[in-house]
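One structure below.
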There are 2 protein chains.
Amino acid sequence: MAKGGGSSRVGKRPAKGDTYRRLVDAAIETLCHDGFGGASARVIARRAGCNQALVFYHFGSVANLLLAALDETSARRMDRYRGAVATAGNLSALAGVAADIYREDLDAGHITVLSEMIAGASSTPGLGEEVAARIEPWIDFTETTLRRFVDSTPMGQLVPIRDAAFAIVALYLGVEMLTHLGDECTAAESLLATTAQLSTFLTAFSAAAPTSTGFR
Amino acid sequence: MAKGGGSSRVGKRPAKGDTYRRLVDAAIETLCHDGFGGASARVIARRAGCNQALVFYHFGSVANLLLAALDETSARRMDRYRGAVATAGNLSALAGVAADIYREDLDAGHITVLSEMIAGASSTPGLGEEVAARIEPWIDFTETTLRRFVDSTPMGQLVPIRDAAFAIVALYLGVEMLTHLGDECTAAESLLATTAQLSTFLTAFSAAAPTSTGFR
DNA sequence: GTCTATACTTGGATAGAC
DNA sequence: GTCTATCCAAGTATAGAC
């Protein structure tokens, strides 16, 4: 609301675009590299190459800057996921695409930002609700994506899709946390391969089984 | 090593048992209630009803106390899980038992301690390895438990058990984090119910299918 | 073993010069 | 918009009295 106002024209950036953006990027990098506990105004500002006071000038508080960082990565990744998922033809292909993008995420650290914010929310009053509101779109996205592939198959009757979407998002987060603990990247990689195989099986299963299994 | 030494007899507690234990319990409660970021020596000591300096006298550092807290909950819960899992006869019953104990965990906050420690490890140098070493037993436990029920079924050939164990632990963590964010306890509860149903289906599937599916 | 007192550090946040 | 300077709160850790 206060942002964007001032003495400049509408279409032109009021010079906000420079350090403001650099702070957001620096916050993302800091969350990935030093975690929520290490993401102080001073550390972030140093990485952004500016003064610590600017964090409060632009965002009012460190927590707000961190939320802006989460918004930024969320938006970037959501675009990427939407685009990539659109190219998948069946459930098996979807799993393959999801695995590829997930590897991108691990590399770029976008899921790391999310999990750090979730973790940090426990010790920062009021942050939990804000973070929760930013996760819901991901569960929704996962749900609609799943429905597109699964709703017409027997699995659509067998498994509550909303639960499956929730579980998938939770699994992503859990794998991320465990992966960033030690050097067990092999475990995550192995799991991705397994998931790809399983989805191939499920696709075959869905195609072979009758439209309704009568189960449940 | 330094603990237990001093002027007292072997079988007798050197009065260590009092505040030492109270500090560990207070650390557990603090991790659950205030998160890793809120678990300072001062806050924990206040909850334990003693002085802040005793944290450093007994444990040397806050991080060490937190690790002791993790060890304590881990040991308690491992006992409980082992005992409960032993009563399960098939995969479906196992899922039911797991769901029950998981609810206990959510209530008592034992998984919360684990996830907070994982999250906090990102911003405390050297903590990651310690926490990782304390998670491995849980993956091992999950793996051997799974094998006991699944190894002789077609699923044993279809799914790499180690991956499945890793995924289950990751899922537990992810669900915990999402649950403690807002008041989405309903989502976790719904997921537990779904899992119970699914495992029933899988049990039936395993019984009906031939010993080897020839898949993979 | 436990407490008080204290040294030292870091972090959030604001005021005011430029 | 950006910087310097500063205040204040909170945390880790140690020394020393009891």
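Computed over heavy atoms, backbone and side chain alike; hydrogens, waters and symmetry mates excluded. Proteins come first, then strands; the chains are lettered A, B, ... in the order of their sequence lines, and each starts at number 1.
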NZ/NE/NH1/NH2 to OD/OE distance under 4.0 Å, B/Asp107 and B/Arg103: no

Nucleotide nearest A/Ala53 (side chain, heavy atoms from C-beta), chosen from D/dT2, C/dA15, D/dA13: C/dA15

Interatomic distance, B/Leu65 CG vs D/dA13 P [rounded to whole Å]: 11 Å

Distance-only polar pair, side chains of B/Asp105 and B/Tyr81, donor-acceptor under 3.5 Å: yes

Heavy-atom side-chain contact between A/Leu158 and A/Thr153 under 4.5 Å: no

Residues that B/Glu129 engages under side-chain hydrogen bond (donor to acceptor under 3.5 Å, both in side chains), provided they are two or more places apart: none

A/Arg42/A/Asp34 salt bridge by N-O under 4.0 Å criterion: no

Rounded interatomic separation in angstrom, taking CG from A/Asp18 and C1' from D/dT2: 12 Å

Between C/dG11 (P) and A/Asp34 (CG): distance, integer Å: 10 Å

Atom-pair distance (CZ on B/Phe59; P on D/dA13), nearest Å: 14 Å

Interatomic distance where CZ belongs to B/Phe56 and P belongs to D/dG16 [whole Å]: 18 Å

N or O in side chain of A/Ser61 less than 4.0 angstrom from C/dG12 OP1/OP2: no

d(CD1, A/Ile44; P, C/dG11) in whole Å: 11 Å

Interatomic distance where CG belongs to B/Leu23 and C1' belongs to C/dC3 [whole Å]: 14 Å

For atom CD of A/Gln52 and atom C1' of C/dG12, their distance in whole Å: 7 Å

Within-4.5 Å side-chain heavy-atom neighbours: A/Leu31 and A/Ile44: no

Closest to side chain of A/Asn51, choosing from D/dA13, C/dC3, D/dC3: D/dC3

A/Phe149: partners by ring pair (Phe, Tyr, Trp, His ring centres under 6.0 Å), with sequence neighbours left out: none

Pairs under 3.5 angstrom, nitrogen or oxygen only, protein versus nucleotides 8-11 of chain D, please.
unit_1, atom_1, unit_2, atom_2, d
D/dG11, OP1, B/Ser40, OG, 3.3
D/dG11, N7, B/Arg42, NH1, 3.0

